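Just so it is clear: chains get the letters A, B, ... in the order the sequence lines come, proteins before strands, and each one is counted from 1. Everything numeric in this text was worked out from a predicted model, so none of it was measured.
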Amino acid sequence: MAYRYKIEITDVTLRDGMHAVRHQFSVEDAKAIAAALDKTGVAKIEAAHGDGLGGSSIQYGFAKEAEEDYLGAVCGAVHHSQVVALLLPGIGTLEDLKRAVGLGIRGVRVATHSTEADISAEHMEEARKMGLDVVGFLMMSHMTETERLVEEAKKMASYGAHCVYIVDSAGAMLMDEVRRKVSALRAALPDDVQVGFHAHNNLGVAVANSIAAVEEGAYRIDASLAGLGAGAGNTPLEVFVAACEKYGIGTGVDLYAAMDAAEDVVRPRMMRPVLTDRTALTLGYAGVYSSFLLHAERAAQQFGVDVRDILVELGKRRVVGGQEDMIVDVAYEIAHGREAKGHGALTSSHRG
Amino acid sequence: MKKLSAAIVGSGNIGTDLMIKLKRSPWIEPRWMIGIDPESDGLRRAREMGLETSADGLKAVLEQGVRPDIVFDATSAKAHVRHAKLLREAGIQAVDLTPAARGPYVIAAVNLEEHLDSPNVNMVTCGGQATVPMVYAVSRVVGVRYAEIVATIASKSAGPGTRANIDEFTQTTARALEAIGGAKRGKAIIILNPAEPPILMRDTIYCLMEDASAEIRDKVRESIEQMVRHVQTFVPGYRLNREPIFQDDLVSISIEVEGLGDYLPVYAGNLDIMTAAAVKFGEEYARHKMQVASAEEAR
């Protein structure tokens with residue numbers, strides 16, 4: 001059939017999905033999932049610790065496997081798809097990237113907070129020189145006004161990005177905002193620089209947001225098998241592909257193969273179901289980085305406080321991605337009675 | 001003895017803040033400010049404060065025959081590699097505030113006196129000056145098999161040099177956690193937060209201890225408190241956000257650094273701790289030179 005749009009999907013099960021399994025996928029898990037993804041025909045597979053290359057840490061959680069074993073396994077298990085990695089300057093380094101290239105990755109997605117693109121210049125320029133596919137990843141895009149996002153995206157394009165993403169790390173965006181931001185980027189960037197969109201399902205609209213992004217000119221969309229990812233998960237690959245089929249969007253992904261991979265390969269490996277429970281929902285509602293989910297639950301337990309109070313307070317303080325250490329500090333403060341104001345913000349703003 | 005004469009290279013945030021602090025020093029007199037942008041705010045301020053200024057870079061100034069006793073380099077890691085060579089050839093003491101790490105590391109709170117005879121010392125990074133003392137406070141009590149720090153700074157306090165040097169920041173800080181902090185392995189993470197009003201510099205320090213018995217924990221707690229008081233002697237706004245939290249063999253320490261507000265406002269504690277550390281080294285070096293000089297006179 002003739003499609004209205006043609007897009008390219010990057011699967012993030014083996015990277016964002018790592019948040020949902022506390023970065024505990026084994027080499028065997030990685031091989032099985034990568035092989036299943038490869039069969040779906042998906043263009044790109046992102047693999048790494050949830051926080052990217054070099055992310056294994058006390059702050060974000062130690063990965064089960066050494067980075068090179070994990071990435072090596074993924075690269076070795078695919079024939080069709082390109083393997084890419086995530087890199088957050090400030091966490092991972094160019095040295096980490098060079099090692100990953102040695103293991104066989106073909107692209108890198110360089111992620112910064114959506115106002116801090118200039119810390120990615122060195123990494124992107126070097127990645128271009130290495131012949132990699134280079135993506136700029138503007139995290140927590142919901143916190144940043146459209147005009148500023150455009151400026152930051154242009155910077156990333158000037159560093160050599162083939163594609164710049166609007167990243168809804170907190171799953172806090174609704175369709176209007178996605179349309180506004182994606183279309184502004186599309187209008188402002190040179191034609192040869194693609195626009196991408198990465199969703200989290202914390203408000204239940206990941207698929208709808210992703211389709212809206214396609215309509216506004218996004219060419220690359222992120223998804224993951226069974227939605228495995230931080231918070232309430234990412235755009236579920238199999239659901240998105242089915243919706244795209246009905247909508248006239250060509251993805252190049254085999255729907256049944258994606259369904260089977262989600263059902264038979266990923267679901268049995270989940271530590272807990274990916275769902276919009278009260279914690280994940282609060283992330284989207286308060287606009288907080290999705291990978292805080294499990295860390296916040298642990299801190300809530302450790303200090304005997306309501307996880308929603310922690311998340312809402314973090315949202316108010318405009319904490320950005322990577323500041324997982326603030327979770328414990330805020331939980332500690334709540335438990336010790338400081339910052340007692342602030343509580344109940346969720347209910348009071350509901351009333352308003 | 002008269003004050004040592006100093007030049008500051010780099011008229012950005014760090015260089016300008018450093019100039020204001022050196023102006024107060026009883027040991028050092030800042031006489032030259034050397035930049036590359038004649039329009040920079042730092043050079044303008046330096047002129048106002050009575051320093052000789054140049055926008056032609058260090059090489060040109062040295063070629064004019066200017067010979068400071070001590071040069072503070074607040075440019076970038078790449079530029080310092082060139083500057084280090086020029087200063088060595090001219091026989092001038094270099095204090096490197098970039099993460100270039102040509103000379104040995106100096107963490108003001110830990111090994112201030114160790115490298116007074118080294119012609120080039122490296123002040124590591126702001127994150128290093130703030131967090132290495134905490135790792136050291138733990139490792140002087142019990143073996144630390146792994147130390148990890150997370151430095152969160154306000155976007156506004158990170159100038160173009162810092163932004164272009166992100167990898168050097170994490171790598172140099174991590175090495176200092178090992179070399180000076182005493183951890184067997186170190187890792188550093190930096191995060192920029194654009195919130196308005198800007199946040200104070202905030203660091204979390206994690207140490208995995210080789211022994212976490214109740215007795216050791218008490219000693220570690222005490223050692224941390226002692227170290228905080230020591231750092232406060234030259235960075236008054238350095239403080240714990242909360243008690244250290246112990247969990248199994250992990251201790252997690254959270255600190256905040258409020259700056260003096262000399263150049264950038266108080267949120268830029270990262271600038272403050274770096275420049276305060278450099279001044280502290282400079283003064284220690286001046287005292288040391290004076291002792292050497294008076295000992296020679298006595299002979």
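Heavy-atom distances place no part of A:M143 under 4.5 Å from chain B, backbone and side chain included. Proximity to chain A (any heavy atom under 4.5 Å) is shown, for B:A151, by neither the backbone nor the side chain. In this structure, the portions of B:E243 lying under 4.5 Å from any heavy atom of chain A include both its backbone and its side chain. Using a 4.5 Å cut-off between heavy atoms, B:L192 touches chain A through backbone and side chain atoms alike. Contacts of B:T204 with chain A are made by both backbone and side-chain atoms, with heavy-atom separations under 4.5 Å.
In the displayed structure, A:E145 atom CD is contacted under 6.0 Å by at most 12 heavy atoms of other residues, nucleotides or ligands. Crowding of B:Y136 atom OH: a count of heavy atoms from other residues, nucleotides or ligands under 6.0 Å not exceeding 12. Environment of CD1 in B:I36: sparse, with no more than 12 heavy atoms of neighbouring residues, nucleotides or ligands closer than 6.0 Å. More than 12 heavy atoms of other residues, nucleotides or ligands shown are found within 6.0 angstrom of NZ on A:K155. Applying the 6.0 Å contact sphere to CD of B:E196 captures more than 12 heavy atoms from other residues, nucleotides or ligands. No more than 12 heavy-atom neighbours from other residues, nucleotides or ligands sit within 6.0 angstrom of CZ on A:R318. No more than 12 heavy atoms of other residues, nucleotides or ligands sit less than 6.0 Å from atom CD of A:E68. Within a 6.0 Å radius of CD in A:Q301, other residues, nucleotides and ligands contribute 12 heavy atoms or fewer.
Residues B:N241 and A:Y332 have side chains not in contact (no heavy-atom distance under 4.5 Å, counting atoms from C-beta outward). You'll find the side chain of A:D325 stays beyond 4.5 Å of the side chain of B:S254, heavy atoms only. With a 4.5 Å cut-off on side-chain heavy atoms, B:V150 and A:E324 do not count as touching. Between B:L208 and A:I58, some side-chain heavy-atom pair lies under the 4.5 Å cut-off.
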> What's the verdict on side-chain contact (heavy atoms from CB on, under 4.5 Å) for A:Q323 and B:N193, showing C-alpha distance, side-chain angles and the deciding distance?
Replying inline: CA-CA 9 Å; A:Q323 282 191 273; B:N193 180 311; 2.8 Å; yes

> Between A:H123 and B:D167, does a side-chain contact (heavy atoms from CB on, under 4.5 Å) hold up when you go through it step by step?
Replying inline: CA-CA 9 Å; A:H123 308 81; B:D167 277 11; 2.8 Å; yes

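The greatest number of non-hydrogen atom pairs below 4.5 Å with chain B, out of A:S57, A:G322, A:G321, A:A121, is found for A:S57. Interface check for chain A: of the options B:T170, B:I245, B:L250, B:I190, the most heavy-atom pairs under 4.5 Å are formed by B:I190.
Rounding to the nearest 0.5 Å places CD of B:E148 at 8.0 Å from OH of A:Y60. We find the CD-CD1 distance between A:Q59 and B:I149 to be 10.0 Å, quoted to the nearest 0.5 Å. The line from CZ of B:R242 to NE2 of A:H336 is 10.0 Å long, rounded to the nearest 0.5 Å.
Salt bridge A:E116/B:R163: present, at least one basic N to carboxylate O contact under 4.0 Å. A salt bridge links B:R202 to A:D329: one of the charged nitrogens lies within less than 4.0 Å of a carboxylate oxygen.
Smallest separation of non-hydrogen atoms from B:I166 and A:P89: CG2-C, 3.8 Å.
Among pairs with a residue in residues 181-192 of chain B, those fulfilling side chain to side chain donor-acceptor pair (under 3.5 Å) read B:K184-B:E210, at least two apart in sequence or across chains.
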